[in-house]
Asks: 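Take this structure first; my questions come after.
Letters go in sequence order (proteins before strands), and every chain restarts at 1. Keep in mind the model is a prediction, meaning the values are calculated, not measured.
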Amino acid sequence: ILWVSLHEQIRTFIQMRTNLKVVDNSGAKRVMCIQSLRGKKGARLGDMIIGSVKEAQPRGKVKKGDVVYGVVVRAAMKKGRSDGSEVQFDDNAIVIVNNKGELIGTRVFGPVPHELRKKKHLKILALAEHIV
Amino acid sequence: MAAAATATAAAATGTLLPHALLNHRSPPPPQLLALSSSFRRLSLSTSHRRTTHLVAHSDAGAVEPEPVSEPAPEGEPVAASADSEEGEAEGAVALAEEEEEPAPRPKPIKFGEIIGILNKQFIEEAEKVKVLPDLKPGDIIELRMQRPNKRRLSLFKGIIIAKHKSGVHTTIRVRRIIAGVGVEITFPIYSPRIKEIKVIRHKKVRRAKLYYLKYKLPRFSTFK
């Protein structure tokens with residue numbers, strides 16, 4: 001979190017120790033990022049991260065303490081688009097994937113940005129409730 | 001410019017007075033002090049050529065009696081001759097100004113104004129294509145935008161929480177709760193991708209930037 005002005009918090013990258021919400025039905029609830037697979041400073045919207053599951057539902061595909069890959073589908077940091085607009089969400093959220101990029105869960109909750117199309121995460125876009 | 005004014009005025013009379021050149025360079029010799037000071041005052045008044053030359057006239061007229069009284073004991077003959085010369089110079093300057101009035105020079109564009117002028121041109125071009133309503137923070141708007149490979153226009157609704165004005169890249173930040181999660185999108189309003197902006201309602205706010213809505217209940221950012 002950066003404070004550039006007194007009026008608004010400027011959110012930054014998703015880095016080590018960032019807590020993220022999980023928005024699919026793979027069983028995990030919270031994941032802590034341990035590595036961002038893209039970018040020196042950290043992950044942004046649409047990037048992959050490696051995380052450790054901190055909180056999980058009792059009967060799910062992943063358990064607490066598992067090391068998993070995830071795709072960031074919502075980030076509190078602004079992401080610029082080529083037409084000059086910028087998108088930001090209210091929270092940080094990921095969807096758990098395997099190391100090839102295939103989804104583990106079968107449903108995705110909440111809105112997703114269409115930046116994922118460029119990153120070739122088409123399955124996530126297909127399952128999403130709303131594409132921003 | 002002041003020295004040039006006096007030089008042209010003096011040249012019009014036919015005599016190039018050495019005092020004109022002495023003006024702002026070296027300190028003048030004491031007996032000619034009053035003369036050079038009076039010339040200085042005359043040149044100052046003529047430098048404001050954009051204003052009416054009548055003002056310059058009155059200024060020069062007001063200035064005249066002062067230096068005459070100053071060197072009364074010493075340079076009276078010199079002062080008397082300077083008076084007539086001043087009068088002539090004055091008349092010449094007035095003539096020169098009248099000649100220039102009908103053909104005014106175009107005002108030169110300053111370097112720092114270029115960006116402002118360009119921005120105005122871009123905004124005018126953008127306004128021709130679409131009509132933008134007056135947007136203020138607190139307006140609840142509906143925005144139609146063209147997406148790159150889609151035929152239909154996508155629709156965005158929400159409340160304007162901020163407007164950043166910067167010429168043609170004036171942006172508005174629109175907030176809405178979509179599928180349970182708050183989303184804020186910044187749109188450049190003069191972009192050709194944005195086809196239509198319509199103000200649906202207005203919410204009374206007492207701020208220019210409504211960043212506090214992020215921390216409030218979701219129902220304040222929900223719009224059907």
Side-chain angles (χ1 to χ4, degrees), chain A residues 1-12 20-25 29-30 44-46 72-95 107-118 120 122 124-132, chain B residues 122 126 137 143-150 152-158 160-164 166-195 197 205 207-218 220-222:
Chain A
I1 295 177
L2 274 182
W3 292 88
V4 170
S5 73
L6 291 172
H7 312 289
E8 202 202 350
Q9 282 181 334
I10 309 283
R11 308 300 174 124
T12 51
L20 298 127
K21 216 158 76 163
V22 178
V23 288
D24 59 4
N25 60 352
K29 295 247 270 293
R30 291 211 83 83
R44 306 183 76 159
L45 201 55
V72 179
V73 295
R74 295 204 286 269
M77 179 169 165
K78 280 194 257 223
K79 179 89 182 171
R81 294 185 171 166
S82 60
D83 59 3
S85 59
E86 290 175 342
V87 176
Q88 67 191 89
F89 294 86
D90 270 2
D91 60 353
N92 299 312
I94 63 162
V95 160
R107 284 181 67 190
V108 171
F109 305 111
V112 298
H114 59 78
E115 263 82 359
L116 298 175
R117 188 162 289 137
K118 195 147 177 253
K120 308 279 192 281
L122 304 168
I124 306 177
L125 283 172
L127 291 173
E129 283 178 16
H130 193 284
I131 304 182
V132 170
Chain B
F122 291 142
L143 197 144
R144 287 192 194 270
M145 193 168 93
Q146 170 80 48
R147 289 262 296 281
N149 295 321
K150 311 263 177 192
R152 270 191 318 162
L153 302 175
S154 51
L155 173 67
F156 292 97
K157 262 199 228 183
I160 298 183
I161 59 172
K163 182 176 177 191
H164 291 278
S166 93
V168 80
H169 194 61
T170 306
T171 62
I172 50 167
R173 209 153 125 184
V174 177
R175 178 181 168 81
R176 187 183 178 195
I177 302 275
I178 300 178
V181 176
V183 184
E184 292 174 6
I185 311 186
T186 320
F187 295 106
I189 56 178
Y190 294 113
S191 155
R193 284 252 179 102
I194 294 183
K195 300 295 178 199
I197 304 184
V205 289
R207 296 250 166 307
K209 304 277 189 291
L210 317 175
Y211 300 137
Y212 63 83
L213 284 179
K214 257 196 285 243
Y215 309 113
K216 290 236 159 202
L217 291 176
F220 295 117
S221 310
T222 322

Asks: Is the CZ atom of Arg147(B) crowded by more than 12 outside heavy atoms at less than 6.0 Å?
Replies: yes

Asks: Relative to chain B, which of Lys78(A), Arg74(A), Glu129(A) shows the most heavy atom pairs under 4.5 Å?
Replies: Arg74(A)

Asks: With only heavy atoms counted, which part of Gln88(A) is less than 4.5 Å from chain B, the side chain, the backbone, both or neither?
Replies: both

Asks: Show me, pair by pair, the donor-acceptor contacts under 3.5 angstrom made by side chains of residues 177-194 of chain B, not counting sequence neighbours?
Replies:
{"unit_1": "Glu184(B)", "atom_1": "OE1", "unit_2": "Arg173(B)", "atom_2": "NE", "d": "3.2"}
{"unit_1": "Glu184(B)", "atom_1": "OE1", "unit_2": "Arg173(B)", "atom_2": "NH2", "d": "2.6"}
{"unit_1": "Glu184(B)", "atom_1": "OE2", "unit_2": "Arg175(B)", "atom_2": "NH1", "d": "3.0"}
{"unit_1": "Ser191(B)", "atom_1": "OG", "unit_2": "Arg193(B)", "atom_2": "N", "d": "3.1"}
{"unit_1": "Arg193(B)", "atom_1": "NH1", "unit_2": "Asp83(A)", "atom_2": "OD2", "d": "3.3"}

Asks: Tell me every residue that passes side chain to side chain contact (heavy atoms under 4.5 Å, CB included) with Phe220(B), counting only those two or more places apart in sequence or in another chain.
Replies: Lys203(B), Leu213(B), Lys216(B), Leu217(B)

Asks: Contact part of Arg81(A) toward chain B, heavy-atom cut-off under 4.5 Å: side chain, backbone, both or neither?
Replies: neither

Asks: Please assess Phe89(A) against Leu45(A) for the test side-chain contact (heavy atoms from CB on, under 4.5 Å), listing each intermediate value before the final yes or no.
Replies: CA-CA 10 Å; Phe89(A) 294 86; Leu45(A) 201 55; 4.2 Å; yes

